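Counting starts at 1 for both ligands and their atoms, following the listed order. Quantities reported herein were computed from a predicted structural model and do not represent experimental measurements.
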Amino acid sequence: MWDYSFAVPSMFIISIILVFYFSLPRLSLRVNRTFLDILVVEGVVIFLDVVSSWADEHYAETSNSVLYILNGLYFVFFFARAYVFFAFTATVFRLDPGKRPMTTSLLRLPCVVAAVIAMSCPWTGLIYSIQEDGYHSGALYDLVYYIFFLYLAFSFFIIFAYRKNLDRRRHRYSIFLANAVLLLGLIVRRMYPTLLLMDTFCIMAVIIMYLAFQNPEFYLELRGSVFNSTAFRDYIDENNGKLHDKAVGMVVHNYHEMRDIYGGRQIDKGISLISDYLLQNFEGCKIFYYRKGRFIILGDGTMSFHDVISTLSKRFNEPWTADDLELYLDVSFVSVEITDKVESADALLNSMIIAMDKADKLDSREPVIISDNEMENNKKENILKRLLVKVVDEDKVEVFLQPIVRADNGQIVGAEALSRIRDDDGKLIPPVAFIHIAEKNGRINKLGEQVFEKACRFIKENDLEKIGVHWINVNLSPMQFMKADLAERYDSILQKYGISPEKIRLEITEESMIDDGFLRKQIHSMQKKGFKFVLDDYGTGYSNITRLKKCPFINVKLDMSLVWDYFNEPDEILPSMVQAFKHMNFTVTAEGIEDERMAKAMRETGCDYFQGYYYSKPLPLDEFLKKYNT
Ligand code: C2E
Ligand code: MG
Ligand code: MG
């Protein structure tokens with residue numbers, strides 16, 4: 001009655017996959033465990049499919065209870081199969097069943113109910129029954145299709161709804177294809193139930209999953225002996241929050257020079273010998289290799305840093321030898337306790353790489369310790385990085401204004417626009433904390449433009465002349481200053497609000513003045529659009545005054561460190577510097593004026609303008625208006 005010509009070869013194929021799968025080291029990751037579930041369940045289903053079909057055909061020689069047990073088990077595993085394929089799809093999309101226990105239980109329910117019905121068949125005969133003339137389908141036989149179809153529908157829902165969780169297109173297509181093959185298998189089973197063809201389709205899906213996601217070699221380095229950095233990342237990320245592990249980082253000193261001295265082949269061989277040694281001597285630990293002679297030994301909380309490091313230290317006093325090889329290598333160490341302070345695997349790996357590079361330069365076997373504090377700072381920095389990206393992308397950078405006043409009478413003449421961002425609790429974060437991040441991740445251009453645009457809008461919407469504000473200073477970071485289309489972009493914002501460039505002064509620092517040729521070209525094209533420049537933070541860089549002569553600034557701002565130094569220890573230098581600037585036709589602003597005595601001292605040097613807490617701290621736009629609009 002049944003045709004085994006597809007099912008039997010499928011059994012052999014699944015055995016081959018199992019052998020390959022088990023022949024390589026695997027990390028205990030959810031995706032690996034779910035795949036293993038598939039392999040086991042799949043193997044059992046195919047076996048039971050063949051055996052129960054054979055028994056059904058030979059019902060006359062087989063006892064009824066054996067027939068019931070074989071068929072019952074077959075259906076139970078058939079339902080389990082539907083569930084594990086779905087579970088694998090969910091895992092691939094990084095959905096953690098542990099995080100949603102209610103949903104997970106609900107999702108398991110159809111499979112459990114169907115399994116119970118299958119087991120009740122000796123009494124109810126709902127899915128199948130064994131009668132005198134052998135095996136018969138029951139009234140609810142189609143449950144087999146409905147359950148499988150239901151789980152496939154769940155899978156397709158996940159593939160669609162969570163597609164953003166998978167960044168590689170190849171992965172998205174592969175998991176879709178695997179599920180489509182399963183669906184096809186189900187349809188073929190419905191059309192040709194006696195062919196036992198569905199097993200073959202399931203094997204096809206398993207092979208797609210294996211090739212796209214599960215080949216253990218994706219996680220291996222050094223010809224399959226130790227894990228790679230992807231494995232480290234996935235392991236830490238998946239277990240983050242639950243980890244109480246310890247890690248020792250080990251770096252082979254001067255890896256590149258060693259390669260030059262011994263040759264690439266020899267060093268590769270040496271690294272292989274080291275990894276074998278680590279695997280043999282630290283059995284309970286997971287060993288990872290992160291390029292350029294850097295290893296990570298990950299152990300549980302009971303691992304002793306001291307023991308690991310002294311064992312390794314001793315070993316590295318001896319050469320690494322094989323046939324015609326004798327390598328003398330030196331190493332340094334890094335130690336870190338992995339607790340819930342770890343922000344993400346990437347953050348941990350970065351800290352470890354930085355520490356290993358530091359250790360590499362030290363001539364000591366004492367480990368560089370990555371402290372909890374450092375982890376905590378890393379975590380904060382990462383939170384800030386994400387916040388900054390979000391705030392900038394949502395155009396939520398805030399602008400505060402700090403007045404700039406005349407030195408002789410303290411009357412307001414202008415203001416400086418200073419950026420602020422707010423965290424999720426509404427707490428203000430000052431620019432010192434985020435400007436350097438924005439400069440590193442390139443968001444500074446967007447951020448700077450937003451501040452500029454908000455300043456323009458503020459000028460347009462308010463009669464600032466009335467309150468004595470003639471211009472607003474906006475900061476330009478060196479990265480923005482380097483952009484070739486700066487003039488056009490800023491000019492188009494001015495046009496948009498219909499305001500004159502007279503109303504804006506752009507502050508640059510000496511860092512923007514590295515390339516004289518570009519500086520002149522950029523300032524020239526900005527001047528053509530009517531923009532004026534102010535030199536900010538004078539005294540923190542290295543420029544000599546004569547060099548500034550060549551640049552068309554209208555104002556120089558003395559950095560507050562310079563101002564405070566002078567106030568604490570007056571000398572001849574600062575007053576003559578101020579005079580020199582005035583000879584060059586620059587007006588001079590002193591920053592950081594905090595009280596009247598400072599104002600007096602700086603007034604005597606000849607400064608034209610002041611900015612500082614004595615007059616006002618930077619204020620939100622509405623408060624600024626309230627304060628000066630009287
Ligand atoms: P800056 O341009 O030199 O701005 C002056 C800084 O000194 C401001 O700090 C201001 O709050 C602070 N300050 C003013 N008067 C006093 C005082 O009397 N005492 C003390 N202790 N501090 C005073 P803030 O707002 O934290 O800004 C720091 C720096 O961040 C700015 O220095 C500027 O370089 C940068 N920055 C701020 N906003 C932006 C922006 O929109 N774009 C760019 N590229 N940089 C910005
Ligand atoms: Mg400034
Ligand atoms: Mg400044």
Side-chain angles (χ1 to χ4, degrees), residues 388 391-392 395-405 407 410 412 414-422 427-458 471-483 486 490 493 504-512 532-541 543 553-568 588-599 601-602 607 609-621 623-624:
L388 176 78
V391 169
V392 172
D395 191 14
K396 288 200 176 132
V397 177
E398 293 180 33
V399 175
F400 277 42
L401 286 177
Q402 185 178 32
I404 296 170
V405 303
I412 189 165
E416 176 172 5
L418 294 159
S419 57
R420 302 283 184 268
I421 62 175
R422 229 175 259 279
K427 209 174 105 233
L428 277 177
I429 300 169
V432 279
F434 62 80
I435 293 288
H436 70 280
I437 300 177
E439 284 175 336
K440 261 189 245 145
N441 70 10
R443 286 294 195 292
I444 190 71
N445 291 308
K446 235 173 150 181
L447 183 151
E449 245 179 65
Q450 283 175 18
V451 173
F452 180 75
E453 178 153 2
K454 285 174 187 175
C456 290
R457 190 183 306 147
F458 184 72
W471 24 258
I472 287 182
N473 285 15
V474 179
N475 292 286
L476 255 192
S477 106
M479 266 189 70
Q480 282 181 279
F481 189 72
M482 291 313 226
K483 280 195 76 176
L486 180 71
Y490 272 37
I493 298 175
I504 296 278
R505 293 181 170 189
L506 297 173
E507 293 192 3
I508 61 170
T509 58
E510 287 166 69
E511 282 167 76
S512 299
K532 296 206 167 56
F533 283 89
V534 168
L535 181 66
D536 197 5
D537 297 349
Y538 183 79
T540 55
S543 285
F553 294 113
I554 56 163
N555 175 258
V556 174
K557 295 176 85 173
L558 306 180
D559 190 70
M560 60 181 123
S561 57
L562 208 66
V563 172
W564 291 357
D565 279 352
Y566 174 75
F567 178 70
N568 290 328
V588 180
T589 305
E591 291 187 306
I593 304 294
E594 294 199 341
D595 56 37
E596 176 51 36
R597 289 183 323 152
M598 283 175 87
M602 292 313 291
C607 285
Y609 305 114
F610 290 156
Q611 182 177 346
Y613 292 172
Y614 179 48
Y615 301 99
S616 169
K617 289 201 167 183
L619 299 171
L621 299 179
E623 279 179 40
F624 180 85

Original post:
Side-chain contact, heavy-atom cut-off 4.5 Å: N473 with K557?
Top reply: yes
Subject >> Any side-chain donor near an acceptor of the partner, T589 and N555, under 3.5 Å >> reply: yes
Original post:
Which residue owns the protein heavy atom closest to atom 19 (N) of ligand 1, what's the atom, and how far is it?
Top reply: E594 OE2, 2.5 Å
Subject >> Contacting atoms of ligand 1, where contact means under 4.0 angstrom from a heavy atom of E507 >> reply: 2 (O)
Subject >> Atom name of the N, O or S atom in E416 that lies nearest to the Mg ion (ligand 2) >> reply: OE2
Subject >> R505 with D536: basic N within carboxylate O range, under 4.0 Å >> reply: no
Original post:
Checking side-chain hydrogen bond (donor to acceptor under 3.5 Å, both in side chains) for the pair Q480/N475: CA distance, chi angles, key distance, verdict?
Top reply: CA-CA 10 Å; Q480 282 181 279; N475 292 286; over 6 Å; no
Original post:
Using a heavy-atom cut-off of under 4.0 Å, does the side chain or the backbone of K557 touch ligand 1, or both, or neither?
Top reply: neither
Original post:
So do the side chains of F458 and V399 get within less than 4.5 Å of each other, counting heavy atoms only?
Top reply: no
Original post:
Any non-hydrogen atom of F481 lying under 4.0 Å from ligand 1?
Top reply: no
Original post:
Angle class for the F452/Y490 ring planes (parallel below 30°, perpendicular above 60°, tilted otherwise)?
Top reply: parallel
Original post:
For ligand 1, does D559 get within less than 4.0 Å through its side chain, its backbone, both, or neither, judged by non-hydrogen atoms?
Top reply: neither
**OP:** Kindly indicate whether atom 42 (N) of ligand 1 is approached by any protein heavy atom to under 4.0 angstrom.
**Re:** yes
Original post:
the Mg ion (ligand 2) to E507: any N/O/S contact under 2.8 Å?
Top reply: yes
**OP:** For ligand 1, note which part of E416 has a heavy atom under 4.0 Å away: side chain, backbone, both or neither.
**Re:** side chain
Original post:
With a 4.0 Å cut-off on heavy atoms, does P618 reach ligand 1?
Top reply: yes
**OP:** Examine all N, O or S atoms of D537, backbone included, and report whether one is under 2.8 Å from the Mg ion (ligand 2).
**Re:** no
**OP:** Using a 4.0 Å heavy-atom threshold (strictly under), name the region of W564 that reaches ligand 1: side chain, backbone, both or neither.
**Re:** side chain
Subject >> Note, D537 side chain near E510 side chain (heavy atom, < 4.5 Å) >> reply: no
Original post:
Would N475 count as a contact for the Mg ion (ligand 2), in the sense that one of its N, O or S atoms lies under 2.8 Å from it?
Top reply: yes
Subject >> For ligand 1, the portion of S419 having any non-hydrogen atom under 4.0 Å away >> reply: both
Original post:
Which is closest to atom 17 (C) of ligand 1 in terms of heavy atoms, Y614, Y613, F610?
Top reply: Y613
Original post:
With respect to the Mg ion (ligand 3), what is the nearest N, O or S atom of D536?
Top reply: OD1
Original post:
Going by the order shown, which atoms of ligand 1 are within less than 4.0 Å of some heavy atom of G592?
Top reply: 16 (C), 17 (C), 18 (O)
Original post:
Looking at V451, which atoms of ligand 1 are within less than 4.0 Å of one of its heavy atoms?
Top reply: 41 (O)
Subject >> Test item, E439 contacting ligand 1 (heavy atom, 4.0 angstrom) >> reply: no
**OP:** Flag atom 9 (O) of ligand 1 as yes if some protein heavy-atom distance to it falls below 4.0 Å, otherwise no.
**Re:** no
Subject >> side-chain hydrogen bond (donor to acceptor under 3.5 Å, both in side chains), paired with E398, selected from R422, K454, Q450 >> reply: R422
Original post:
Looking only at heavy atoms, is any part of T509 under 4.0 Å from ligand 1, and if so is it the side chain, the backbone, or both, or is it neither?
Top reply: neither
Subject >> S477 neighbourhood, listing ligand 1 atoms whose heavy-atom distance to it stays under 4.0 Å >> reply: 44 (N)
**OP:** For ligand 1, find out whether one of its N or O atoms is nearer than 3.5 Å to an N or O atom of Q611.
**Re:** no
Subject >> Per-atom contacts of ligand 1 with E591, taking only distances under 4.0 Å to non-hydrogen atoms >> reply: 3 (O), 5 (C)
Subject >> Q402 neighbourhood, listing ligand 1 atoms whose heavy-atom distance to it stays under 4.0 Å >> reply: 10 (C), 14 (C), 15 (N)
